[in-house]
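Predicted, not measured: the structure shown is a model, and the values here were computed from it.
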Amino acid sequence: MTAASAPGIVDGVDVDRVAAAARACDGVAHLDGGTSTPAQAPVVSYLPGRTVPGVRVEPDRVTVQVTAQWGVPVPELGRRIQAAVAPHVPGRRVDVIVAGLVDAPHERADPDIDL
């Protein structure tokens, strides 16, 4: 078994299953690892030879960060993801971050022009 095909276990959590469960939720466009800043670490799991963006495992919680489809209420999407991920992370809280939206309607360039 190569490192890329090895199970993605981080602190007892299969991050590949967590990622798949989150991706399968209606309204999720994709998982999003984000960027690192001095105040915030990226949401990513590091494995031998690869990373799993959008999933971070901590002792008391698992954070899932997604880009959502436009039009899906964010609180509802968060609940969907929490419900889908919770069976894979017993004893840990599931935090959901919606980092962005896709397929948003375009705004008019000049709102003073009547069409």
Side-chain angles (χ1 to χ4, degrees):
M1 192 180 273
T2 65
S5 65
I9 306 298
V10 175
D11 195 20
V13 173
D14 186 332
V15 294
D16 293 319
R17 285 190 180 185
V18 168
R23 267 192 228 101
C25 292
D26 188 38
V28 172
H30 59 83
L31 296 182
D32 186 336
T35 57
S36 181
T37 67
Q40 171 125 8
V43 178
V44 64
S45 293
Y46 298 96
L47 301 166
R50 66 188 178 106
T51 60
V52 178
V55 179
R56 182 175 57 220
V57 178
E58 298 175 61
D60 62 337
R61 77 188 77 205
V62 171
T63 302
V64 177
Q65 183 166 291
V66 301
T67 296
Q69 295 287 339
W70 176 262
V72 177
V74 171
E76 181 180 324
L77 180 60
R79 287 188 295 272
R80 286 179 196 164
I81 294 169
Q82 287 173 325
V85 169
H88 303 289
V89 297
R92 288 186 168 98
R93 185 175 83 203
V94 177
D95 292 339
V96 177
I97 300 169
V98 176
L101 300 170
V102 295
D103 298 333
H106 298 290
E107 293 182 332
R108 292 193 329 218
D110 187 347
D112 295 327
I113 296 176
D114 291 326
L115 297 176

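- Taken from CD in E76 to SG in C25, the straight-line distance is 11.0 Å, to the nearest 0.5 Å.
- One distance of note links CD1 of I81 with CZ of R23; it measures 11.5 Å at 0.5 Å rounding.
- When hydrophobic clusters are built by joining Ile, Leu, Val, Met, Phe, Trp and Tyr residues whose side-chain heavy atoms come closer than 4.5 Å, directly or via intermediates, V94 is grouped together with V52.
- Side-chain atoms of Q69 never come within 3.5 Å of backbone atoms of V28 as a donor-acceptor pair (strictly under, hydrogens ignored).
- A donor-acceptor distance shorter than 3.5 angstrom exists from the side chain of R80 to the backbone of D26, with no hydrogens or angles considered.
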Assess the residue pair R92 and D11 against the criterion (salt bridge (Lys or Arg N to Asp or Glu O under 4.0 Å)); give the C-alpha distance rounded to whole Å, side-chain angles, the decisive distance to 0.1 Å, and a yes or no.
CA-CA 11 Å; R92 288 186 168 98; D11 195 20; 2.7 Å; yes
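- Side-chain atoms of D14 do not come within 3.5 Å of backbone N or O of I9 as any donor-acceptor pair.
- Between V96 and Q82, the closest side-chain pair of non-hydrogen atoms falls below 4.5 Å.
- Side-chain atoms of R17 never come within 3.5 Å of backbone atoms of H88 as a donor-acceptor pair (strictly under, hydrogens ignored).
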List the steps, then state whether side-chain contact (heavy atoms from CB on, under 4.5 Å) holds for V55 with V43.
CA-CA 6 Å; V55 179; V43 178; 5.6 Å; no
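- Side-chain contact check for V64 versus V18: some heavy-atom pair is nearer than 4.5 Å.
- Following chains of ILVMFWY side-chain contacts shorter than 4.5 Å, one can reach V74 starting from L31, so the two form part of one hydrophobic cluster.
- In this structure, the side chains of T63 and I97 come closer than 4.5 Å at one or more pairs of heavy atoms.
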